[in-house]
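First up is the structure itself, then whatever we jot down about it.
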Amino acid sequence: MKMDLGRNLQVFSIGSLVFLLLIGFAGITQPMGVTAYEIDTAHSMIIFRAKHNGVSYNYGRFNEFNGQIVMGATDPSGHSESMVEFEVKAASVDTGNEKRDQHLRSSDFFSAKQFPVITFKSTKVSMKEGKEDMLEVTGDLELHGVKKSITVDVEITGRATGRDGESLIGFESIFTIKRSEFGMTYGIGPVSDDVRLIVSIEAKHK
């Protein structure tokens with residue numbers, strides 16, 4: 001289909017078109033109350049921790065990830081047009097110890113060559129009942145080749161205007177998954193099955 005938008009348009013995949021139906025093409029007025037944000041990876045972090053030998057917590061992070069967030073209007077029932085979508089490169093795992101990081105990338109843990117990307121795509125976003133600036137987000141987390149629906153609380157940590165006039169918004173979610181539910185069963189005992197994740201996001205819209 002040819003559309004005159006006053007500028008050149010890229011050719012998008014079918015998956016991208018689905019996303020664009022929600023947020024509109026750049027340059028076309030988005031639906032009232034709907035704002036699309038891009039994750040600012042320089043000011044965002046994905047951190048995890050697991051207990052070692054039942055004694056101490058070891059921490060790590062993922063250095064490479066990207067994503068989009070759409071903040072939409074909320075209806076009286078608490079449902080929202082908002083959505084969250086991001087992907088993480090498994091090989092970017094970083095615990096500050098290269099030998100351990102190589103082991104985490106191996107088939108004992110993330111199998112980063114076979115499953116290079118960890119993804120999350122929301123299926124439902126609603127306001128947390130009785131909680132101001134708190135969302136309840138349900139979505140599909142795909143890790144180590146296993147897709148599982150999870151529901152997490154997400155706090156809106158702030159809103160501001162950046163130095164270049166862009167709109168900024170912050171989010172944080174802290175939740176726990178069992179790695180065994182994603183087929184990562186190696187070393188359970190010395191390394192805990194429960195893994196806590198801290199996802200802190202700053203996103204911007206110009």
Side-chain angles (χ1 to χ4, degrees), residues 18-51 57 59-88 118-143 147-179 181-182 192 194-206:
V18 173
F19 180 69
L20 290 169
L21 286 173
L22 293 175
I23 66 172
F25 289 99
I28 295 179
T29 302
Q30 296 174 3
M32 185 175 296
V34 176
T35 306
Y37 294 87
E38 180 180 357
I39 292 175
D40 178 359
T41 56
H43 299 100
S44 303
M45 298 187 77
I46 300 176
I47 303 169
F48 62 89
R49 79 173 196 188
K51 184 167 277 190
Y57 289 111
Y59 286 79
R61 57 178 286 174
F62 292 97
N63 292 327
E64 296 182 45
F65 56 93
N66 61 76
Q68 299 266 0
I69 296 170
V70 173
M71 290 299 292
T74 301
D75 66 28
S77 69
H79 292 80
S80 174
E81 296 173 321
S82 303
M83 63 171 288
V84 180
E85 186 174 276
F86 66 82
E87 63 177 39
V88 180
I118 302 164
T119 63
F120 178 83
K121 295 182 180 181
S122 66
T123 55
K124 178 183 177 183
V125 179
S126 59
M127 300 300 296
K128 186 76 172 179
E129 187 176 354
K131 298 285 187 178
E132 185 176 357
D133 281 337
M134 185 71 73
L135 305 173
E136 189 173 83
V137 179
T138 298
D140 294 326
L141 174 63
E142 186 166 357
L143 166 64
K147 184 184 292 186
K148 181 178 174 62
S149 179
I150 63 172
T151 299
V152 300
D153 289 345
V154 178
E155 180 187 2
I156 300 174
T157 53
R159 296 178 176 86
T161 300
R163 65 176 63 183
D164 295 323
E166 70 273 29
S167 296
L168 304 177
I169 190 168
F171 304 90
E172 184 173 82
S173 182
I174 302 173
F175 59 97
T176 299
I177 63 171
K178 289 187 179 295
R179 60 187 179 94
E181 294 182 350
F182 295 88
S192 62
D194 288 346
V195 178
R196 176 175 289 186
L197 288 105
I198 303 170
V199 182
S200 180
I201 299 296
E202 182 172 315
K204 59 184 177 180
H205 168 76
K206 291 187 178 181

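Just so it is clear, the values below take in all heavy atoms, side chains as well, and ignore hydrogens, waters and symmetry mates.
For the atom pair CE (M45) and OG (S200), the distance works out to 8.5 Å, reported to the nearest 0.5 Å. Note that OG of S126 and CD of E136 are 5.0 Å apart. Values are rounded to the nearest 0.5 Å. Distance CD/E129 to CE/M134: 13.5 Å, rounded to 0.5 Å. Between atom NZ of residue K204 and atom OG1 of residue T161 there is a gap of 14.0 Å, rounded to the nearest 0.5 Å. Here the CD1-CD1 distance, from I69 to I39, works out to 4.5 Å after rounding to the nearest 0.5 Å. How far OG1 of T35 is from CD1 of I169: 8.5 Å, rounded to the nearest 0.5 Å.
Ring-plane geometry between F48 and F62 is classed as tilted, the angle between the planes lying from 30 to 60 degrees on a 0 to 90 degree scale.
The side-chain contact (heavy atoms from CB on, under 4.5 Å) check on D194 picks up T176, K178, with sequence neighbours excluded. With sequence neighbours excluded, the residues that form a salt bridge (Lys or Arg N to Asp or Glu O under 4.0 Å) with E64 are K89. For F120, the ring pair (Phe, Tyr, Trp, His ring centres under 6.0 Å) partners two or more places apart in sequence, or in a different chain, are F86. In this structure, the side-chain contact (heavy atoms from CB on, under 4.5 Å) partners of S192, at least two apart in sequence or on a different chain, are A50, K51. Applying the ring pair (Phe, Tyr, Trp, His ring centres under 6.0 Å) criterion to F65, with sequence neighbours excluded, gives no partner residue. A search for side-chain contact (heavy atoms from CB on, under 4.5 Å) contacts involving E202 returns D40, H43, S44, L168, not counting sequence neighbours. Contacts of R159 classified as salt bridge (Lys or Arg N to Asp or Glu O under 4.0 Å), with partners at least two apart in sequence or in another chain: D133. With sequence neighbours left out, R61 forms a side chain to side chain donor-acceptor pair (under 3.5 Å) with N63. By the side-chain contact (heavy atoms from CB on, under 4.5 Å) test, R179 pairs with F109, M184, I188, V191, D193, V195, sequence neighbours left out.
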Tell me which donor-acceptor pairs under 3.5 Å the side chains of residues 148-158 have, and how far apart each pair is, sequence neighbours excluded?
unit_1	atom_1	unit_2	atom_2	d
T151	OG1	T138	OG1	2.8
D153	OD1	K128	NZ	3.2
T157	OG1	G170	O	3.3
T157	OG1	F171	N	3.4

CA sep, side-chain torsions, deciding dist, call: L135, M127, side-chain contact (heavy atoms from CB on, under 4.5 Å): CA-CA 4 Å; L135 305 173; M127 300 300 296; 3.3 Å; yes
Worked verdict on I47 versus R49 for side-chain contact (heavy atoms from CB on, under 4.5 Å): CA-CA 7 Å; I47 303 169; R49 79 173 196 188; over 6 Å; no
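Across all non-hydrogen atoms, the minimal contact from H205 to A36 is ND1-O, 2.8 Å.
A 4.5 Å side-chain heavy-atom check between T119 and D140 finds every atom pair outside the cut-off.
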